[in-house]
Structure formats: structure tokens, C-alpha cells
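Here the structure comes first, spelled out in C-alpha cells, and everything after it is commentary.
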There are 2 protein chains.
Amino acid sequence: MKADKNLLSGSTTLLVLSLLSTGDKYGYEMIAELDARSDHTFTLKEGTLYPILHGLEKEGAVKSYTKEADTGRTRKYYRITRKGLKALEEQKKEWVEFSEKVNAILAGCAPALA
Amino acid sequence: MKADKNLLSGSTTLLVLSLLSTGDKYGYEMIAELDARSDHTFTLKEGTLYPILHGLEKEGAVKSYTKEADTGRTRKYYRITRKGLKALEEQKKEWVEFSEKVNAILAGCAPALA
DNA sequence: TGACATACCTAGAACTCCGAGGTATATTAT
DNA sequence: ATAATATACCTCGGAGTTCTAGGTATGTCA
């Protein structure tokens, strides 16, 4: 029912790669950052993000390593690889094309109802 | 694997309602029109469109009627209802918000790889 | 010591889309 | 005439994504 949920579909990987392109991050951090930077529009659930990260690692788009935080807590960081950067560029291009075409269709539709 | 396929997800209803806001259309026609107006980016399959139309009719967003074409062939036309127009406006707003936020995230990511 | 936040994970349900099939009629080519 | 193609509708089952709802473990704070 939530349209946002459906719209989100397909762009999550793009968003995750985009986040990682600015520096290594761990899962929990990505969720918080996406939520904050999107004004609570993209609130990924853990059950969504972790499988995605595992998938990205399996295809070699990211690599993980564990690191101890100042707090003593162990975190699993992800770093984007060259392959991941290339995938990011491709998906970015696809997104731009896609959104422009949706906007073109919408532009041709009738104005708001009375 | 096709990213376009995933991106399409969630916006199909929006696109269909948008098409119908410019006039009554039948299924086959919508597929052709979407394909043409998007430069073959949105090539809806029949197995996708027909269930969507049936769903929209069940929620009262569209109404169908059959009409004989000049060719003698019977077609099933769909007309958008007031409820459908309202849904269109809402989904349009959601789409604009969503795409702006994706662009904002992308704008904050690293530039293209060397 | 108990509650909460952090931090990771998975299995199963729900939803969307497509592939692949089916039916039927009109047009076009042979 | 008849075979092939295009039009036009439909449905079922599989594949892919995301969420729900759980689980585990540790650090912090009251």
C-alpha cells in the first residue's frame, strides 16, 4: 500500500553503492545515514540491507572487514571495490534515464482534478 | 539482472493512470503507447498490464467497457474515474518527492571512477 | 541488574513483474 | 482456400525484492 516502498524497489542497491562511494561504512550506519539524508523517506530495514550487502559482496562490488569501534563494539565495515564503482556509474546512468522518461510521461498527462 | 526492470517496479500503476488521464484506452494500446513514448524503455508485458488493470478496476480507479472497433474487433476500453484521478495526483507527488531525494543522495556521492 | 541502544543475522510471507502458455478474430500472403 | 501474422484478451507459476518478525550478542545507563 505504501507507494514509497514500491518506488524504492530497484534503487536500493544504487543508494547503498552511492553511500559507500564516499567512504567505508557499516550496516547500521548506512541505515541511519540514508534515513537522515532522505528526510526519513528511505528507511531501510535491516532485513533488507544485510542480504543486499551480502549479495554485493558475493558479486565483488564490495568487500567487508571487521573493526573494533572506540566503544569496544565490533563492527563489519564495507568498502566499495573498483567493480562496485563501475556498477554504481552504470546504475546511476540508468536511473537518470529512467526518471527522465517517467517525467516525460507524467508531463503529458492531464492536470490536477478540480 | 536488468536494472530497468527493477526500477520500473512500483511506478507502473502511476504510468498507467497517467496514460488514462488523457483519454480512454484499451490494454494493447497502452502497451504500444508507453513503449513509443518512452523510447522502448517501458515495454510493459501483457502479463503485467492486464492484472494491473483488473486490480485498478477492483479498487474503483478505472472502469471498463467494451466497444467494437472499425475493424470489427472487440476491444475493452478503460476510463479513469475521479477516484483514479485522485490516486494519480497522489502518486505523482510521491514520485516527484522520491526522485528528488534519490538525486540528492546521488549528488552527494563520489564522481566517476578514473 | 534490568532496560535500552547498538550491531549483526536469517527464514518466511507478501508483493510485483515476467515468461510462457492459452483463446479468438482480422488481415495479409501464398 | 489456407497458412501465417498481427491484434486483443486472459491466467498461472516462477523469480526477484522487501518487510515482518524473530534471534543473538554486547555496551551503556539508570
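First the proteins, then the strands, lettered A, B, ... as listed; each starts at 1. Just the heavy atoms: all of them, side chains too, but no hydrogens, waters or symmetry mates, feed the values below. Just so you know, these numbers come straight off a predicted model, no measurement behind them.
- Along DNA chain C, the nucleotide nearest to B:Thr48 and the one nearest to A:Ala69 differ in position, and the one closer to the 5' end is contacted by A:Ala69.
- Taking every heavy atom of both residues into account, A:Lys83 and A:Gly60 meet most closely at CB-O, 3.7 Å.
- For D:dT18, the OP1/OP2 oxygens have a side-chain nitrogen or oxygen of A:Thr12 closer than 4.0 Å.
- One finds no side-chain N or O of B:Tyr26 lying less than 4.0 angstrom from the OP1 or OP2 phosphate oxygen of D:dC9.
- Atom CD of B:Glu68 and atom C1' of D:dT7 are 14 Å apart (whole Å).
- A straight line from NZ of A:Lys67 to P of C:dC8 spans 13 Å, rounded to a whole angstrom.
- Nearest heavy atoms, A:Leu49 versus A:Leu44: CD1-CD1, 4.1 Å.
- Across A:Leu88 and A:Ser21, no two heavy atoms sit closer than the pair CD2-CB, 3.7 Å.
- One can place CG of B:Leu49 at 14 Å from P of C:dG19, the figure rounded to the nearest angstrom.
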Inset, instruction - For B:Tyr65 and B:Tyr78, run ring-ring contact (aromatic ring centres under 6.0 Å, His included): C-alpha distance rounded to whole Å, both residues' side-chain angles, the deciding distance at 0.1 Å, then the answer. - result: CA-CA 7 Å; B:Tyr65 59 93; B:Tyr78 288 88; 8.6 Å; no
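- Contact annotation: A:Tyr50 side-chain N/O to C:dC9 OP1/OP2 distance is not under 4.0 Å.
- Side-chain atoms of B:Thr41 and A:Lys101 include a donor-acceptor pair closer than 3.5 Å.
- Listed by chain and residue number, nothing satisfies the side chain to side chain donor-acceptor pair (under 3.5 Å) test with B:Thr74 (two or more places apart in sequence, or in another chain).
- For the pair A:Leu15 CG and D:dT17 C1', the computed distance is 14 Å after rounding to whole Å.
- The side chain of B:His54 contributes an N or O atom lying less than 4.0 Å from OP1 or OP2 of D:dT11.
- For B:Tyr28 and C:dT23, the OH to P distance is 17 Å, given to the nearest whole Å.
- Residues from residues 70-78 of chain B placing a heavy atom under 4.0 Å of any atom in DNA chain C, listed by number, are B:Thr71, B:Gly72, B:Arg73.
- Across the protein-nucleic acid pair, B:Leu44 atom CG and D:dA8 atom C1' stand 16 Å apart, rounded to whole Å.
- Distance CD/B:Glu97 to CG/A:Asp39: 9.0 Å, rounded to 0.5 Å.
- As rounded to whole Å, 18 Å separates atom P of C:dA14 from atom NZ of A:Lys45.
- Rounded to whole Å, atom C1' of C:dG12 lies 17 Å from atom CD of A:Glu46.
- Residue contacts shown for B:Gly27 are limited to sugar-phosphate atoms, with no base heavy atom under 4.0 Å away.
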